[in-house]
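Chain naming here is simple, since letters A, B, ... match the order of the sequence lines and numbering starts at 1 in each.
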Amino acid sequence: MSLPKPMMRGLLAKRLRFHLPIAFTLALTAAIAFKYTVTEPKKQAYADFYKQYDAIKDFNAMREAGVFESVQPTGK
Amino acid sequence: MLATRALSLIGKRAISTSVCVRGGHGVAKVEDYALPAYFDRRDSPLPDVSYVQNLSAEQKSLKEKEKGSWVALSNEEKIALYRISFKQSFAEMSQGSGEWKSVVGGIFFFIGFTGLVVLWQRKYVYGPVPHTFEEEYKEKELQRMLDMRMGPVQGFSAHWDYENKQWKK
């Protein structure tokens, strides 16, 4: 009936020693994955869009569609 | 008060059940709930009182034997002493039950019932939706969104082919 004395101290420290490196690694991985799957493609998409963007042409197209209040379509 | 002091000679436990007669008002009965109680709790391992208060003759003799060397106690006697002091062991009090299944079942049931209530409400309580939800109106809304180039990079208008006036494949 004599059991070994259980661990009385240092339980949190032991848990942290094990879980903190894992937690940091996972968090870092998540951040890196997000950067290269979301933010970099988004930046590239915006760069590509504005490379070929003609603002005046776009403005005229919108004007003809009649969405502005300050200018009317050229017909009027 | 004097009566209590005199009775304290009998023993500590006697005080809690002693009679206190003051100013001719009579006896104040000590309720059960006001006395120290037994409880099984993981976070407070040692309750205020033993589980078994009124020991049988056998248990009393065991308690006497406990005053001697504990090596002389057999395993059954040690367990008997444990069961005098405690109702459930840590393993017994910590064991899970199947209660969670009832709880989850109840949750789903009431969510379902709420769904029925919401459906009934939609039919009998609320009036008609605004005209802005009509098919025609929605088409005009979407055309306006395309006209003003909403979300031109990655969003809505990015999927519209302005040359061919259709959605991009």
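Taking a cutoff of 4.0 Å between a charged side-chain nitrogen and a carboxylate oxygen, B:Asp147 and B:Arg144 do not qualify as a salt bridge. Taking a cutoff of 4.0 Å between a charged side-chain nitrogen and a carboxylate oxygen, B:Glu141 and B:Lys138 qualify as a salt bridge.
The main-chain N or O of B:Glu58 is found under 3.5 Å from a side-chain atom of B:Ser61 such that the two form a donor-acceptor pair.
Cation-pi contact between B:Arg149 and B:Tyr162: present, with separation from the ring centre below 6.0 Å and deviation from the ring axis of at most 45°.
If you look at A:Tyr53 and A:Tyr50, their ring centroids are closer than 6.0 Å.
For residues 85-119 of chain B, heavy-atom neighbours of chain A at less than 4.5 Å comprise no residues at all.
Side-chain contact between B:Phe39 and B:Asp48 is present, with at least one heavy-atom pair separated by less than 4.5 Å.
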